[in-house]
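In what follows, residues are counted from 1 in the order of the sequence shown.
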Amino acid sequence: MTIKTLDDLLAEGVEGRRVLVRADLNVPLQDGVITDDGRIRAVLPTIRSLSDAGARVIVVSHLGRPKGVPDPKYTLASVAGRLGELLGKPIAFANDTVGESARATVAGLASGDVALLENLRFNPGETSKDDAVRGAFADELAGLAEAYVDDAFGAVHRKHASVYDVPARLPHFAGGLVLREVEVLAKLTGQPERQYIVVLGGSKVSDKLAVIEALLPKVDKLLVGGGMCFTFLKAQGHEVGKSLLEAEMVDTCRDLLSRAAGRIVLPVDVAAATSFAADASWDVVPADAIPADRLGLDIGPESVALFAEALGPAKTVFWNGPMGVFELAPFASGTRGVAEAITKVDGFTVVGGGDSAAAVRALGLDESAFGHISTGGGASLEYLEGKTLPGIAALEH
Ligand code: 3PG
Ligand code: MG
């Protein structure tokens with residue numbers, strides 16, 4: 001099975017050709033302002049090389065999870081502005097995806113011009129589970145272009161029209177970002193140099209269960225922080241107060257802990273707060289003594305030290321998910337401390353995921369101190385689980 005690449009398309013020649021680029025421009029927004037433009041920057045080389053080669057470039061993406069109808073909260077308009085600034089040239093923005101505005105915008109493109117169409121998920125066909133509904137939307141999208149490039153690594157795990165069905169309708173190619181991401185993750189699923197240590201955070205065990213199952217036989221240690229650690233602490237018999245808890249996952253966690261035979265490492269102290277707020281009162285308490293009226297919002301300093309020590313002998317590290325509510329300043333220390341410990345590892349380190357990657361930048365950490373920062377959270381986890389990713393499968397010939 002082979003995958004044709006952007007270089008193959010450029011070698012064919014794209015002068016004057018309409019090329020549809022599926023990007024993942026699903027950036028974090030706060031009150032309509034982009035708080036981290038990493039995903040926009042990551043796809044620039046692909047857009048630039050097509051534009052420089054004279055293609056008429058049509059960029060499409062989703063943003064957030066609108067429900068199949070236009071929703072001003074999720075417009076890509078500000079992303080179009082940022083994309084234009086970063087590219088150093090104006091971007092034509094269509095205020096629909098396959099309607100009149102999109103068709104007129106595409107018709108107005110000259111060689112080298114770049115357009116961004118409105119959020120794909122304003123159309124129910126993008127995410128429909130019904131093949132025919134998705135297919136009908138894919139027909140319209142594909143009708144706008146003559147070739148398709150997928151550089152939306154963060155969305156390759158989604159069986160969506162723009163990811164899965166459009167490539168079946170157009171000559172299709174993988175962009176540089178998708179290729180680089182897959183190359184890096186393949187190192188982790190192959191024979192990673194040991195010790196191989198995985199650091200997992202984020203709020204839910206249920207989201208991470210499949211990847212924990214897949215990784216447990218392969219890793220030397222699994223360090224668990226973030227909201228999900230409380231379900232594990234409960235499984236160890238500790239009370240967790242008002243902390244995030246998935247009660248129905250406690251038995252599963254107990255079983256994982258027993259099978260892991262000491263290789264799952266949990267926090268030993270937590271920042272326990274009176275409420276979920278930046279100005280809440282809080283104290284660091286032992287992980288086995290969280291007061292009943294408190295909720296844990298970060299791992300504590302002893303846990304950071306414990307995790308840093310565990311990372312000492314690592315030669316390969318994969319990190320997904322913040323250690324605490326890093327968006328609230330008092331609860332960013334755990335994520336910062338563990339991230340800093342990862343940068344000191346003498347080996348190959350991968351940051352997987354939209355949130356963790358955004359955390360690295362939001363905390364002002366040196367991005368170049370990590371081996372690779374993935375643009376895909378769910379996508380990188382599903383790759384590590386060994387799942388077939390619809391967006392990658394669709395690119396194969
Ligand atoms: C992400 O942010 O994980 C990707 O953009 C995919 O978004 P989704 O989880 O809403 O499909
Ligand atoms: Mg996601």
Side-chain angles (χ1 to χ4, degrees), residues 3-27 37-63 75-120 126 138 140-156 160-163 165-167 169-180 375 391 394-395:
I3 289 184
K4 285 196 187 175
T5 70
L6 176 62
D7 286 341
D8 296 322
L9 174 61
L10 292 168
E12 280 178 17
V14 292
E15 172 65 41
R17 288 173 78 190
R18 283 170 286 123
V19 180
L20 188 74
V21 177
R22 176 48 160 112
D24 181 354
L25 304 177
N26 184 23
V27 291
D37 63 7
R39 280 179 163 169
I40 307 178
R41 293 175 184 273
V43 74
L44 287 179
T46 291
I47 296 175
R48 204 172 268 138
S49 61
L50 284 165
S51 165
D52 288 350
R56 295 190 276 164
V57 187
I58 308 156
V59 182
V60 290
S61 177
H62 71 285
L63 176 69
T75 178
L76 279 167
S78 62
V79 172
R82 190 82 192 103
L83 179 59
E85 276 167 37
L86 292 168
L87 271 179
K89 64 195 226 169
I91 300 293
F93 181 63
N95 60 24
D96 60 26
T97 318
V98 292
E100 230 168 88
S101 173
R103 286 193 299 272
T105 302
V106 170
L109 293 177
S111 289
D113 284 353
V114 179
L116 176 64
L117 309 185
E118 186 52 289
N119 196 336
L120 289 157
E126 170 65 0
E140 292 192 87
L141 267 178
L144 297 171
E146 297 151 274
Y148 169 87
V149 173
D150 187 1
D151 219 13
F153 178 72
V156 291
H160 292 170
S162 65
V163 175
D165 305 274
V166 173
R169 289 160 167 79
L170 286 174
H172 44 275
F173 305 85
L177 177 62
V178 162
L179 290 173
R180 197 165 63 251
T375 53
L395 294 176

Minimum heavy-atom distance [X]-[Y], with the two atoms named:
{"X": "Ile91", "Y": "Leu116", "answer": "CG2-N, 3.7 Å"}
{"X": "Asn26", "Y": "Ser61", "answer": "N-OG, 4.0 Å"}
{"X": "Leu395", "Y": "Gly391", "answer": "CG-O, 3.3 Å"}
{"X": "Leu109", "Y": "Val57", "answer": "CD1-O, 3.9 Å"}
{"X": "Glu12", "Y": "Lys4", "answer": "OE2-NZ, 4.4 Å"}

Carboxylate-amine/guanidinium contact Arg41 Glu85, below 4.0 Å:
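Salt bridge between Arg41 and Glu85, a charged N being under 4.0 Å from a carboxylate O: no.
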
Would you call Arg82 and Asp37 a salt bridge, taking side-chain N to carboxylate O under 4.0 Å as the test?
yes

Exam field: side chain [X] to backbone [Y], donor-acceptor pair closer than 3.5 Å:
{"X": "Thr97", "Y": "Glu118", "result": "yes"}
{"X": "Arg103", "Y": "Val98", "result": "yes"}
{"X": "Tyr148", "Y": "Ser162", "result": "yes"}

For the [atom1] atom of [X] and the [atom2] atom of [Y], what is their distance to the nearest 0.5 Å?
{"X": "Leu76", "Y": "Leu83", "atom1": "CG", "atom2": "CG", "result": "10.0 Å"}
{"X": "Asp151", "Y": "Arg39", "atom1": "CG", "atom2": "CZ", "result": "12.5 Å"}
{"X": "Leu63", "Y": "Thr75", "atom1": "CG", "atom2": "OG1", "result": "8.0 Å"}
{"X": "Leu86", "Y": "Arg48", "atom1": "CG", "atom2": "CZ", "result": "8.0 Å"}

Hey, mind stepping through Asp150 and His172 against side-chain contact (heavy atoms from CB on, under 4.5 Å) and telling me if it holds?
CA-CA 8 Å; Asp150 187 1; His172 44 275; over 6 Å; no

Among Val156, Val166, Val60, which residue satisfies the side-chain contact (heavy atoms from CB on, under 4.5 Å) criterion with Arg22?
Val60

